[in-house]
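First comes the structure, then the notes that go with it.
What's counted below: heavy atoms across the whole structure, side chains too, no hydrogens, waters or symmetry copies. Proteins get letters first, then strands, A, B, ... in listed order; numbering begins at 1 in each.
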2 protein chains.
Amino acid sequence: MIRNFSPKLFAQLSASDWLYVEDIWDPQTSLAHESLFTLCSGKMSSRAAHIEGQARPSLPAHYMHRLFDRSEALQRELVNMPDWSKLSIYSRRQPISPQTATVLSEYIRVLDLKQGFLAKHYIFEDAGGCRTELEIQKLLSRAYPNGGAIRVRIKPLNYSGLLEFENLIDATVTNFIDYPRFRVKHYEVREIRSLDGDGVAVDACTRDFQEAFSTQTAIRVSDEAGNELVLHRQYRPYGEVACEFFDLYVEEGKAYVIDKFAAVVAAHDGGDCRARATACLHNLITLGFDQLLEENRRIYAQFWERCEISIEGDKRSELALRLSLFHLMSTPNPHDSKSNIGAKLLHGEEYGGHAFWDTELFILPFYTLCFPEMAKRLLEYRYELLPAAIRYAAASDCVGARYPWESADTGDEECPLDTIAWDGTSEPCVVGVQELHVTADVVYGAYQYYRFTEDMDYYQHAFGEILFQTSRFWASRLEYDEATDSYGLSHIMGPDEWHEDIRDSVYTLELIRWQLKLALKYFREADLSPVQQALVVRLGISTEEVQDWALLAERIRPPHLNADGVIEEFAGYFELHDAVIEEFNEKGMPIFPQALRDYPREQTSIIKQADVLMWQYLFDEYFSMESKRSNFDYYQKRTLHGSSLSPSIHCIMGLRSGRPEEAYENFLRSALIDIEDKHRNTREGLHAAAAGGSWQCLVMGFAGLHLGADGRFHFSAQLPSSWQSLRFRLYHAGRLIEVHVEGDSVTLYCDAETPVHYVDSGHSKVSSPWYERPVAEFGGE
Amino acid sequence: MIRNFSPKLFAQLSASDWLYVEDIWDPQTSLAHESLFTLCSGKMSSRAAHIEGQARPSLPAHYMHRLFDRSEALQRELVNMPDWSKLSIYSRRQPISPQTATVLSEYIRVLDLKQGFLAKHYIFEDAGGCRTELEIQKLLSRAYPNGGAIRVRIKPLNYSGLLEFENLIDATVTNFIDYPRFRVKHYEVREIRSLDGDGVAVDACTRDFQEAFSTQTAIRVSDEAGNELVLHRQYRPYGEVACEFFDLYVEEGKAYVIDKFAAVVAAHDGGDCRARATACLHNLITLGFDQLLEENRRIYAQFWERCEISIEGDKRSELALRLSLFHLMSTPNPHDSKSNIGAKLLHGEEYGGHAFWDTELFILPFYTLCFPEMAKRLLEYRYELLPAAIRYAAASDCVGARYPWESADTGDEECPLDTIAWDGTSEPCVVGVQELHVTADVVYGAYQYYRFTEDMDYYQHAFGEILFQTSRFWASRLEYDEATDSYGLSHIMGPDEWHEDIRDSVYTLELIRWQLKLALKYFREADLSPVQQALVVRLGISTEEVQDWALLAERIRPPHLNADGVIEEFAGYFELHDAVIEEFNEKGMPIFPQALRDYPREQTSIIKQADVLMWQYLFDEYFSMESKRSNFDYYQKRTLHGSSLSPSIHCIMGLRSGRPEEAYENFLRSALIDIEDKHRNTREGLHAAAAGGSWQCLVMGFAGLHLGADGRFHFSAQLPSSWQSLRFRLYHAGRLIEVHVEGDSVTLYCDAETPVHYVDSGHSKVSSPWYERPVAEFGGE
């Protein structure tokens, strides 16, 4: 499968189960591959548009954390920055690319997940029969996360002659290139310039906030022995395209190496971004491609040491998970608490790079258990933006803090009030207004982080303030009903976005109930540490206010169950037109029942994702096996998985309901979502929540990890029948833990030594049905 | 053949023998069609890239007379200005264009030569089967030569829905788009802006001289009944692309009309170019598309009244000639004496838009005899640039005035000292240094203009000064040889550019001889008019100096003849390796003889074009039929027609040598050069000299017009055997003359009335061999 590469590169490549491969150039799948092969340095990303340019379709994009702009768009979105990756190559005036080849042979593109580089090989034949072998490596540097490097090894196979090159920074790129209605350019070019005859630069700034950034690039060329070749370079300012033209006389059968280095620095990096980009570029050149690769290898090895997974018996899922984890580990900035992770990572333009509840509930557990320092940054982000959340609550006629449904750099609500389709049809969009649960999700995620890591620093400072302000928000937002003397919420929406403007979303209310009770516990005077006491004083928190919240929590309306113990997703859900899903499309995704086709979706019981299962997942220990099974069986048949967040939860809850086959089916829906482009939108970026959710399937699902009330890790494993074993790693309390699962047997190795802890397998330890438990217990962990 | 257009447009179209048609969209020929369908207003041009964009390959270009820039290029060249013609149209996000159609049917594109507009029709089917009918008309306004207009009539055939549009000015365009080595952007964008929400503008300036220009565009949309539709327009600045986005809900079966207007004004137009462009745009909108078309129709009718031609029996040649004349009449600015006509007109980027001797010897006769006011502007251009020619002579260590081989706006020599091929190989280029004859060609062309028009104003002022300064140049440049007591020139080149660095080019020396003798006559004291006397005083011309020139002319070395009376092109030509052409390629063009393939071209007798025949053409009356035939027969077999200037002269001299078949063959080589893309470079622009040369074939060749020493027009017609008749028009001394030729009979109609003048046909009146005539007679017309 892996073929054609030069001996040097071939020797560099990891074993094939670490290689994600594209072995044919196909315009139909090229946009999805641009997402799948995106590289990220933790600071910035580069989609995998072919650096030679020319191949179409293409959505070249380069994003940087924290660099957002609105301009004509409906929301602040990640700025598609100047494309520094372009290096045009011409064979007798004909642009070399996979698409322009008369004959394209031996094409292969490989993402080395273990080492964090992309490699490509093909042979290009021009219209005159000249055959040129190309091998291109690309990396985004972990050593210098403002830098990237590309190595082109080029060899004329049957001719000697002149090749022409353009080292480019293309600052004409826009967002939404192929959506004319949405196309927008989020930056202004201030200057295009030559770097004193050795490289080119584009200085630009975002349009709204005028944040400056500088993109700089230079090349080095050598023969295969490594002797640098002196070139005549000509600087060419093509408007907003900075170009450095050079040519190279190449001899038949000899290979030549062109190394392109690029640095991108924004004002938020501190200092003069022009000078800092120049310094970074200099560092990259000094270190050189081989050493940058070596550094990446070293750092990615450290990353994988923390989170390596393997699945004996399901190599495709293993590769899919490794690919997901590669992107998850690559994306966040471990040194920046002002950025988060967008729903499509930093890999595509959908959702504008905004953080959703996806962060706290889907991807945070992975970081918490493998990269707690990254998890902390993500949570600090919420704390940084607490002032914006306080403003948002006030603007919603409430007090306290309300987190936005979509969060960018300012923390303002980025979810627009209208959805405009590509064809211009506009519909009111209420998810930002109604999907209140995100505020409780933030608290839940942060609390889980604390429970797993026992990070008292975060818990006592940031978490306390968030908990206080968001609880205050809920207290002001809950609606009192005199007739029943109870609290509920109307005109809201749960995670199931196909039922808008509903009342008493059980998921939302139960999370609020939990958090209000948690607040009571957190702020119980007797237990307050000195740090917490200082917080209480600073925020002017009164014992009475917190106690009022607990009283209020007790009067939140309880869920409604039917005779089978099925929990009603929201008030009135059981009265909707009902039918079950019986058909599936060619990608294995459920199809809306024919029986309901005459009804608008919102008038049916068909849901996008199952709020009830999500709730049960988060508070598993309060539900009996019977309750979980009833609810799983009921909702599984009514869930269309219109959200990429849905299948992973169905996998885990399927396992916990004794439905292993459905569980595995849903695991595959989640794990393969992007490599099989199941939602037909991988072109817009990768599904971060599905990546994190799939990891949770392995760890919380198949291995059955849960954190007991005793603060210890418990496992109750059940592998898919085709899996011989599952292994994964965790990083907990400064120690590496390797978990080996075979059948239902779990063995833990600590710091790669002998087993230190053995846990009997077995299912949920709590057997009493949840609804028999006193309400007070919900928040009582 | 003409089909599919809407009834309204169909009714507008001229008869089919006035329509140049492209009836299939073919990427292989699209670049040539971009040249062939170029429109020109006299001030500016617009190549026929499909305005919808997307179609590839494409070399969109918009040029303006006098707007040159050098920057990184090797010479000052026409600036490819921002593309104002673009109007992107999207059917469900899919760009509509001939290339992007799933099904493309009924495609036709027509240039209406009589009325000066381009019309196109096709039906576009998108990937979902939605069929949209498009009809697009384009014109460059003769009423407002800074303006252009495009009308798009669009009709959804099988759907109702939303179409999306982008009214664009694309200021990312460069020169030499598909030549990476030469690609250069000749302007800087200063501002992209909205025109107060109704249209967009790009303000830019050339890079070297910072000449400002402004491009502005706006659209109007109406239903088919002409009711204007109100649109929501959104301004979008995409870097150097100014965009105005709008959409339109279209109903199945109904047609909608989008009119795009654009104005381009440069600083050299006078006043504030931004304000003037806005005013022009306003005028265009006020007049409206229909009226602009009507104005073009009126003005092109006046043009054609002056120069209409028809050929019974050869409709293909007739159409080719009409196409050539359309472009010749469209191109020059009748109000500007600071611009000339490039070798590729204003229709493409080859030769940078520079004027060559092509102007005076190939295209000037057409203007002189049909549009003398335009001819005068072209000659005034040389007079305007006489100071630069004086500088050039001084820089060449001479005195007087030397015209540059390639002339742009400054009059400096634009011919580079090195030719760089697309692949970077560089060769010294001596044509600019050595092809001195251009200076005599200017004088010859100007003198012919005077003889035909009797324009005493030009003759007494500008011509006198040019004649004086250029003669002074020759006197200082000619090299004296003591051994033979004669003058000659070494290290020069004649029109045949395949023999460089030669000595005593007969063409060059004989033109010099002629002009020096003409100077003697011109400045003969006794004949000087008061105006001329003033000139003599102003320039300090001494009788002695002029008489010295005449003496010098008599000592210029005479040509060398062989035993057959064949004149040797230059000293030593007869000693070169000799063979004759025997093979022709599939386009009917001669192939270099196999027998000579081991010799470098310059060591053979094979020539690019025949200097001797050219000389005989210009001074026909001094050669006997035998001399012409000997020389024709000799050089015809050795001429590869590597220059597009060559075949027309071979046609005319073939006729004058009694070689009618070869004459017709060469006529077709000239007339069809672009429509058959004989030189495979029509993509780079049209061959202006071939266009003018083909017209000379008709008028000086087949009709045999020559101006007698008596100042009267003489005809000696001989039509190709397949032609029943030839008709053409001349405009002479304020009167329209229509010439009808049938066989060898010529009838003249003056001002479209009854015949006024009848001329017996008959061949050259001068039968004595040229070399028997005293040298003195050469200048003695």
Side-chain angles (χ1 to χ4, degrees), chain A residues 53-54 56 71-73 82 88-96 100 161-166 168 170-189 192 202 204 207 232 234-243 245-249 420-425, chain B residues 53-54 56 71-73 82 88-96 100 161-166 168 170-189 192 202 204 207 232 234-243 245-249 420-425:
Chain A
Q54 307 296 336
R56 297 284 177 281
S71 298
E72 295 85 10
S88 300
I89 311 170
Y90 300 90
S91 166
R92 302 193 297 178
R93 278 181 57 213
Q94 297 164 60
I96 289 183
T100 55
L162 213 56
L163 291 171
E164 296 171 308
F165 300 84
E166 290 169 329
L168 299 169
D170 181 357
T172 69
V173 291
T174 65
N175 286 53
F176 293 101
I177 294 168
D178 62 352
Y179 281 89
R181 180 172 303 274
F182 305 135
R183 193 176 302 143
V184 56
K185 184 158 186 175
H186 282 303
Y187 60 95
E188 292 165 6
V189 172
I192 299 263
V202 172
R207 286 174 60 204
H232 171 70
Q234 192 187 14
Y235 168 62
R236 307 259 187 96
Y238 295 147
E240 297 192 329
V241 179
C243 171
F245 175 90
F246 60 99
D247 56 20
L248 196 60
Y249 184 82
I420 298 184
W422 64 266
D423 66 353
T425 50
Chain B
Q54 308 296 335
R56 297 283 178 282
S71 298
E72 295 84 10
S88 300
I89 311 171
Y90 299 90
S91 167
R92 303 192 298 178
R93 281 180 56 212
Q94 298 163 59
I96 290 183
T100 56
L162 214 55
L163 291 171
E164 295 172 307
F165 299 85
E166 289 170 329
L168 300 168
D170 182 356
T172 68
V173 291
T174 66
N175 286 53
F176 294 100
I177 293 169
D178 62 351
Y179 281 87
R181 179 173 304 274
F182 304 136
R183 193 177 302 143
V184 57
K185 185 160 186 175
H186 281 302
Y187 59 96
E188 292 165 7
V189 172
I192 299 264
V202 172
R207 285 173 60 204
H232 171 69
Q234 193 187 13
Y235 168 62
R236 308 256 187 95
Y238 295 147
E240 297 191 328
V241 179
C243 171
F245 175 89
F246 61 99
D247 56 19
L248 196 60
Y249 184 83
I420 298 184
W422 65 266
D423 66 353
T425 50

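Considering B/H186, B/R207, B/K185 as possible partners of B/E72, the one that fulfils the side chain to side chain donor-acceptor pair (under 3.5 Å) test is B/R207.
With chain A as the partner, the residue from B/E164, B/E240, B/R181 showing the most heavy-atom pairs under 4.5 Å is B/R181. Of the listed residues A/V189, A/V184, A/L163, A/T172, the one with more heavy-atom pairs under 4.5 angstrom with chain B than any other is A/V184. Among A/P237, A/C243, A/P180, A/G161, the residue with the largest count of heavy-atom pairs under 4.5 Å with chain B is A/P180. Between chain B and the residues A/T425, A/T174, A/V173, A/D247, the largest count of heavy-atom pairs under 4.5 Å involves A/D247.
Only the side chain of A/Q234 has a heavy atom closer than 4.5 Å to any heavy atom of chain B. If you measure heavy-atom distances from A/R183 to chain B, the contacts under 4.5 Å come from both the backbone and the side chain. Interface residue A/Y235: only backbone heavy atoms are found under 4.5 Å from chain B.
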*Check step by step if side chain to side chain donor-acceptor pair (under 3.5 Å) holds for B/Y238 and B/R236.*
CA-CA 6 Å; B/Y238 295 147; B/R236 308 256 187 95; 2.7 Å; yes
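With a 6.0 Å cutoff to the six-membered ring centre and a 45° limit on the axis angle, A/R93 counts as a cation-pi contact of B/Y179.
Side-chain contact between B/L168 and B/S88: present, with at least one pair of heavy atoms (C-beta onward) separated by less than 4.5 Å.
Between A/F182 and A/F176, the angle of the ring planes goes over 60°, which puts this pair in the perpendicular group of the 30/60° scheme.
Distance check: A/Y90 OH to A/T100 OG1 gives 10.0 Å after rounding to the nearest 0.5 Å.
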